[in-house]
Number of protein chains: 2
Amino acid sequence: MADEAEGPGRTAGQHATPRSARTAQRRRAVLEAGLAVFSERGFHKASLSEIADRAGMTHAGVLHHFGSKEQLLIDVLRFRDGSGVDGDAGTRPLPEGEALLNHLVETVGENTARPGVVQAFTVLAAESVLEAHPAQDYFRDRAAGLRDVLAAALAESTGRDAGEPEVRDAAALVIAGMDGLQIQWLLDPEEVAMPRATRLMLEALTQRLAQNGPPGTTG
Amino acid sequence: MADEAEGPGRTAGQHATPRSARTAQRRRAVLEAGLAVFSERGFHKASLSEIADRAGMTHAGVLHHFGSKEQLLIDVLRFRDGSGVDGDAGTRPLPEGEALLNHLVETVGENTARPGVVQAFTVLAAESVLEAHPAQDYFRDRAAGLRDVLAAALAESTGRDAGEPEVRDAAALVIAGMDGLQIQWLLDPEEVAMPRATRLMLEALTQRLAQNGPPGTTG
DNA sequence: CAACACTTACTTTCTTGTAAGTAAGTTACT
DNA sequence: AGTAACTTACTTACAAGAAAGTAAGTGTTG
């Protein structure tokens, strides 16, 4: 069983490139197992042993690669998110402007097909609110960044200014709506139509912003 | 003969309360400690010992009253919610119809003053999504009930029918928005104005429903 | 050979839950 | 009213297990 590489050496910033493709592959297996277990159990109830089992090693082996459970969580989130501490991951940058809004509805639709990832982000985001949670910075920064790009997108498509409080509130609401829908959907998938509801929210908010807004643009 | 007029004296007896009342009081202390600790740590990371400490007894004492950690959680939720397993609790039934919508914004405003309770419900609701979580039924039923009353309220104030998918989606969105805003607010209180955003959401959704809706009303 | 990728074994710390004891309070009966 | 029988509200002590993390060893590989 040799090295059929999928990209052995990578530009990994300041971190040294992994020695072999096999090592990268094992790390990746741990990250995937971590995502699965964190999403099924949440951070606190997840155990390194279960993650290690699924990745085919012992919990000490996991610690060898990631140092601590907290660091593993952070690496798992970045791995899934895209920024790819490791070799790669789907890393597509978000579209900007109006395209972002359509992209969101699409993404929500895709998400109904992978409850695992949805659950991981939902549970971990809420959990991160707890004092001294290791993923707190990650989720706070993520939310702030999303609010920014969403405010820009909403502003663009309604002729408003991205700095207006109402626009920023709307941006927060879009994220909030998506997060909250996920909770309800995970609890009761048949009662909640995530993509349809997301579209409704976007339409309602953009209509409201457009109607109430553009100072000189409307004429 | 214990002067029955003033109740049974303990060594340091000071209460004019009969034994059963004192017991209820101790149980209540545990419920309040439980709410605090569950909200600070989440269910899994909360420990009976810490709850017991705050209530002034040992963890075995807590188990004497509530049987198990899971049962304690459920009793805490019901206690805070109102249904009052115990003697009391503020059990005010939700207003109905349009009044509910105003009530929501008010409640959100009040909530900014008590992050503890907000955090408890936010974190536990998201956590309940995990397999075999003890509060899963509680939160699923709660969400379903809220969607019903909200759909009715939205229908009433927009001339729509509470059974229409769009109205039900809007109801789910209101809950989702509130839940999601709480997460963002807990992570970054200065960046998120919960009450203002909540009002915006309600306005945007009711306008959208009213505009798009009443089959015979529009002309 | 030396670094790496692990494993086994162990330590420490916590966890919930149980068992059994005790000091009060309550009830039943005379 | 007095007392015995019982219940309640706890406590201390323990059981049994899981958890993360450490240390040290082993085999592979570049």
Side-chain angles (χ1 to χ4, degrees), chain A residues 1-3 5 8-9 12 15-31 33-34 37-38 41-75 86 132-134, chain B residues 1-31 33-34 37-38 41-74 86 132-134:
Chain A
M1 195 82 84
D3 24 56
H15 209 286
T17 58
R19 283 263 145 163
S20 71
R22 180 182 157 85
T23 296
Q25 198 178 299
R26 309 284 347 250
R27 276 180 67 97
R28 194 196 165 104
V30 174
L31 290 170
V37 175
F38 286 139
R41 314 234 184 274
F43 175 70
H44 291 302
K45 209 187 172 192
S47 85
L48 291 178
S49 294
E50 182 171 2
I51 293 167
D53 275 359
R54 295 202 198 182
M57 67 180 73
T58 63
H59 89 273
V62 171
L63 287 171
H64 165 72
H65 284 298
F66 296 94
S68 73
K69 188 185 177 186
E70 298 197 353
Q71 191 56 52
L72 173 61
L73 171 64
I74 289 164
D75 285 355
D86 262 82
H133 194 284
Chain B
M1 330 351 183
D3 305 353
E4 55 161 9
E6 280 305 306
R10 267 206 79 200
T11 17
Q14 61 283 71
H15 288 305
T17 50
R19 189 207 64 139
S20 62
R22 183 189 157 81
T23 296
Q25 198 177 299
R26 307 285 284 137
R27 275 180 66 97
R28 195 197 164 103
V30 175
L31 290 170
V37 176
F38 285 139
R41 315 232 184 275
F43 175 71
H44 292 301
K45 208 187 172 189
S47 86
L48 291 178
S49 295
E50 181 170 2
I51 293 168
D53 276 359
R54 296 204 198 181
M57 69 179 71
T58 61
H59 89 271
V62 170
L63 287 172
H64 165 73
H65 284 297
F66 296 93
S68 73
K69 187 186 177 186
E70 297 197 352
Q71 191 56 51
L72 172 62
L73 171 65
I74 289 164
D86 263 81
H133 195 283

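Chain letters run A, B, ... following the sequence lines, proteins first, then strands; residues in each count from 1. From a predicted model like this one, the values you see are computed outputs, not experimental measurements.
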Whole angstroms only, please: what is the CG-C1' distance between B:L63 and C:dT15?
11 Å
To the nearest Å, how far apart are A:I51 CD1 and D:dG21 C1'?
14 Å
Could you tell me whether the phosphate oxygens of C:dC6, OP1 or OP2, come under 4.0 Å of any side-chain nitrogen or oxygen in A:R26?
yes
If you check every side-chain atom of A:A60, which of C:dG17, D:dA23, D:dA9 has the closest atom?
D:dA23
Could you go through the side-chain contact (heavy atoms from CB on, under 4.5 Å) check for A:L73 and A:H133 one step at a time?
CA-CA 11 Å; A:L73 171 64; A:H133 194 284; 3.8 Å; yes
Just report the end-to-end axis angle for the helix from C:dC1-D:dG30 to C:dT30-D:dA1, five pairs per end, to 10 degrees.
10°
Spacing of A:K69 atom NZ relative to D:dA20 atom P, expressed in whole Å:
5 Å
So how far is it from A:H64 NE2 to A:M57 CE, rounded to the nearest 0.5 Å?
8.5 Å
What is the distance from CG of B:L73 to C1' of C:dG17, rounded to the nearest Å?
17 Å
Could you check whether any side-chain heavy atom of A:K69 comes within less than 4.5 Å of a side-chain heavy atom of A:V62, counting everything from C-beta outward?
no
Rounded off to whole Å, could you give me the CD-to-C1' distance for the A:E50 and D:dA19 pair?
13 Å
From CZ (B:F43) to NE2 (A:H44), nearest 0.5 Å
13.0 Å
C:dT15 P sits how many Å from B:L72 CG, rounded?
15 Å
For A:L48 and C:dT12, what is the distance between atoms CG and P respectively, to the nearest whole Å?
20 Å
Does the side chain of A:T58 get closer than 4.0 angstrom to OP1 or OP2 of C:dT7 through an N or O atom?
yes
For D:dC10 and B:H65 - does any side-chain N or O of the residue sit under 4.0 Å from the phosphate oxygens OP1/OP2?
yes
Could you work out which one of D:dT11, D:dG21, C:dC6 sits closest to the side chain of A:H59?
D:dG21
Is any side-chain nitrogen or oxygen of B:S47 closer than 4.0 Å to OP1 or OP2 of C:dC14?
no
Please give, in whole Å, the distance from C:dT16 C1' to B:Q71 CD?
15 Å
Find out whether B:F38 and B:I51 are in side-chain contact, i.e. whether some heavy atom of one side chain is under 4.5 Å from a heavy atom of the other.
yes
If you define the side chain from C-beta out and look only at heavy atoms, does anything of A:L31 sit under 4.5 Å from A:L72?
yes
Check whether any side-chain N or O of A:H64 sits under 4.0 Å from OP1 or OP2 of C:dC4, and answer yes or no.
no
d(A:R54 CZ, A:E50 CD) to nearest 0.5 Å is 4.5 Å
What is the nucleic acid contact for A:A46, judged by heavy atoms within less than 4.0 Å: base, sugar-phosphate only, or nothing?
sugar-phosphate
